[in-house]
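To start, the structure under review is shown below, and the notes come after it.
Hydrogens, waters and symmetry mates play no part in the numbers below; they use all other heavy atoms, side chains included.
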Amino acid sequence: MAERVYINDVGPRDGLQNQAKILTVAERIELINSLLEANVDSIEVGAFVSPKAVPAMAGSNEVALGLNGQQSQAQFSALVPNLRGYEMAVESGIRTVAMVLYGSDTMAEKNVRMTPEQAEQSALDMLQRSRDDGVAVIATIAVSFECPFDGATNPDRVREITTKFLQAGAERIVIADTIGAANPSDVASLSKSLVADNGAEQIACHFHDTRALGMANLYAAVEAGIRHFDASIAGLGGCPFAPGATGNIATEDAVMMLHSMGYDTGIDLNKLLVASDLAETLTGSAPGGRSKPWLAPYLAKGKAV
Ligand code: COA
Ligand code: ZN
């Protein structure tokens, strides 16, 4: 049986937060439903952040409430920067929260106006609460490879944060190349050391494709044993507080590569292309996966990847 790789689609959060066009709650739910149709394992559905900081994520409570009662096996998560966001997320029915930790000082300041230590303390406070509430926690380490302000990130810092937060009870740590500056050698090296430290099950990777190295980085992480990845439908994405960063690796490209390498993602690629088309239509700016012009006619002939 094919080995399983798990995809978390972050398009409805990481993707939509940075689009010129702000989608309505109904459109955001429509996009999430199209990902559910394609059988995506888990989806980051929104962010409980200041609407002044990220206007496109306003109404994430309505998105989450609108999804409640969905007959779905998928795991929905939402980004929370502080206890207030945590409480709003849980009140809206979110059972997995995504917190952000920082590989650099300036990124923490730009993103949440905190020092990395304050962001860690905020995350530890939320983790404490999550235990009582039975809520799962995913922690993303932003700028794990390079920060647009502070330069290269020390891998030892990422290793220390990873171990600390796994020990504190996080379900998974996501190593994020927020600005798409990592190269496959660095990804292989950091991934191997994290897998050696903690095993692979609780480590995930999140790549942006700014320098066209997203798929190569995905490959390097897979080879190092990582089996959990973030990706974004139609390659949507970017961070409003990280200048120059473009979208995440497109989910359709990642899935095509993984399937052709013999891995199983559980995802229906035909239906994923429907979701990708929808993301392009709704936003008017999603680039669409690089594989789409080849993939769509190929699948339309009834062939499988
Ligand atoms: N959800 C909604 N609103 C929130 C909030 C939350 N989780 N936390 C704070 N706010 C509101 C406050 O009530 C205040 O509103 P007001 O101006 O109407 O009074 C405003 O946001 C600012 O709050 P303050 O506590 O002074 O925080 P700040 O200005 O230092 O901003 C954050 C800190 C964390 C709230 C803000 O930087 C943020 O939301 N960042 C998210 C960034 C992000 O999502 N980046 C991309 C993903 S990595
Ligand atoms: Zn990102």
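The residues Glu146 and Arg211 are annotated as salt-bridged, a charged nitrogen and a carboxylate oxygen being separated by less than 4.0 angstrom. Salt bridge absent: Arg28 and Glu62 never bring a charged side-chain N and a carboxylate O closer than 4.0 Å.
At a threshold of 4.5 Å between side-chain heavy atoms, the hydrophobic network of Ile, Leu, Val, Met, Phe, Trp and Tyr places Leu124 and Val97 in one connected group. Following chains of ILVMFWY side-chain contacts shorter than 4.5 Å, one can reach Met215 starting from Leu190, so the two form part of one hydrophobic cluster. Note on Leu31 and Val63: same hydrophobic cluster, where clusters join Ile, Leu, Val, Met, Phe, Trp and Tyr whose side-chain heavy atoms are under 4.5 Å apart, directly or indirectly. Both Leu67 and Leu35 are members of a single hydrophobic cluster when ILVMFWY side chains are connected at heavy-atom separations under 4.5 Å. Residues Met107 and Ile175 are members of one and the same hydrophobic cluster, defined by side-chain heavy-atom contacts under 4.5 angstrom among Ile, Leu, Val, Met, Phe, Trp and Tyr.
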Is there a side chain to side chain contact (heavy atoms under 4.5 Å, CB included) between Glu223 and Lys192? Walk through the geometry before answering. CA-CA 9 Å; Glu223 285 293 287; Lys192 280 178 197 157; over 6 Å; no
Working note: Asn82 + Phe48, criterion side chain to side chain contact (heavy atoms under 4.5 Å, CB included); need CA distance, chi angles, decisive distance, verdict. CA-CA 9 Å; Asn82 53 21; Phe48 290 82; over 6 Å; no
Using the rule given for side chain to side chain contact (heavy atoms under 4.5 Å, CB included), can you reason through Glu3 versus Arg227, listing the C-alpha separation, both sets of side-chain angles and the distance that settles it, and then say yes or no? CA-CA 9 Å; Glu3 200 185 335; Arg227 294 292 178 266; 2.7 Å; yes
Given the rule in the side chain to side chain contact (heavy atoms under 4.5 Å, CB included) test, do Asp14 and Asp230 qualify, once you have shown the distances and angles that lead to the verdict? CA-CA 10 Å; Asp14 203 0; Asp230 287 354; over 6 Å; no
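A distance-only check finds a donor-acceptor pair linking the side chain of Asn183 to the backbone of Ser185 [under 3.5 Å]. Looking at Thr163, its side chain never comes within 3.5 Å of a backbone N or O of Glu160 through a donor-acceptor pair. Judged purely by atom type and a 3.5 angstrom limit, Arg129 has no side-chain atom pairing as donor or acceptor with the backbone of Leu83. Proximity of a side-chain donor or acceptor of Asp9 to a complementary backbone N or O of Ile43 within less than 3.5 Å is not detected. Distance alone, capped at 3.5 Å, is enough to place a donor-acceptor pair between the Ser60 side chain and the Ala47 backbone. In terms of modelled atom types and a separation under 3.5 Å, the side chain of Thr178 and the main chain of Val143 share a donor-acceptor contact. Although no hydrogens or angles enter the test, the distance criterion places a donor-acceptor pair under 3.5 Å between the side chain of Gln118 and the main chain of Thr115. When atom types are taken as modelled, the side chain of Ser232 and the backbone of Leu236 share a donor-acceptor pair closer than 3.5 angstrom. A donor-acceptor contact shorter than 3.5 Å links the side chain of Asp150 to the backbone of Asp105. A distance-only check finds no donor-acceptor pair linking the side chain of Thr140 to the backbone of Ala142 [under 3.5 Å].
One side chain, Ser42 or Asn8, offers a donor N or O that lies under 3.5 Å from an acceptor on the other. Side-chain N/O atoms of Ser291 and Glu252 include no donor and acceptor closer than 3.5 Å. For the 3.5 Å distance criterion, the side chains of Gln121 and Asp125 qualify, holding a donor opposite an acceptor. Checking Asn111 against Tyr102 by side-chain atom types alone, a donor-acceptor pair falls below 3.5 Å. In this model, no donor atom of one side chain and acceptor atom of the other lie less than 3.5 Å apart for Asn39 and Asp268.
For the residue pair Leu272 and Ala38, the shortest heavy atom distance occurs at N-CB, 3.6 Å. Nearest approach of Ser34 to Ala275, heavy atoms of both residues: OG-CB, 3.2 Å. In this structure, Ile22 and Pro55 approach most closely via the heavy-atom pair CD1-CB, 3.8 Å. Closest approach of Val80 to Ala89, counting heavy atoms only: CG1-CB, 3.8 Å. Scanning all heavy atoms of the two residues, the minimum distance from Ala286 to Ala279 falls at CB-O, 3.9 Å. Residue Val112 comes nearest to Pro81 through the heavy atom pair CG1-CB, 3.9 Å, listed as atom of the first residue, atom of the second, then distance.
The distance from the CG atom of Asn217 to the CD1 atom of Ile226 is 12.5 Å, given to the nearest 0.5 Å. Rounded to the nearest 0.5 angstrom, Leu213 CG and Phe207 CZ are separated by 10.5 Å. Note that CG of Leu278 and CD of Glu37 are 11.5 Å apart. Values are rounded to the nearest 0.5 Å. Atoms CD and CD, from Glu30 and Glu27 in turn, are 7.0 Å apart once rounded to the nearest 0.5 Å. In this structure, NE2 in His228 is found 11.0 Å from SG in Cys205, a value given to the nearest 0.5 Å. From Ser77, atom OG reaches atom CD of Glu44 across 4.5 Å, with rounding to the nearest 0.5 Å.
By the 4.5 Å heavy-atom criterion applied to side chains, Met256 and Trp294 are counted as neighbours. By the 4.5 Å heavy-atom criterion applied to side chains, Ile7 and Leu258 are counted as neighbours. The closest side-chain heavy-atom distance from Ser130 to Val137 is below 4.5 Å. Between Thr162 and Val158, the closest side-chain pair of non-hydrogen atoms falls below 4.5 Å. In this structure, the side chains of Ile173 and Ile161 stay at 4.5 Å or more apart for every pair of heavy atoms. Put simply, the side chain of Phe165 does not reach to within 4.5 Å of the side chain of Met99, judged on heavy atoms. You'll find the side chain of Met57 reaches within 4.5 Å of the side chain of Leu16, heavy atoms only. Annotation: side chain of Pro155 is not in contact with side chain of Phe145 (no heavy-atom distance under 4.5 Å).
Ring pair His208/His206 is tilted by interplanar angle, where 30° to 60° counts as tilted.
Within a 6.0 Å radius of OH in Tyr219, other residues, nucleotides and ligands contribute 12 heavy atoms or fewer.
Hydrophobic cluster of Ile179: no remaining members, since no ILVMFWY side chain lies below 4.5 Å from it.
Judged as a side-chain contact (heavy atoms from CB on, under 4.5 Å), and not counting sequence neighbours, the contacts of Arg4 are Tyr6, Asp41, Asp264.
Here salt bridge (charged side-chain N to carboxylate O under 4.0 Å, His left out) pairs that include residues 286-295, with residues two or more places apart or in two chains, are Asp277-Lys292, Glu280-Lys292.
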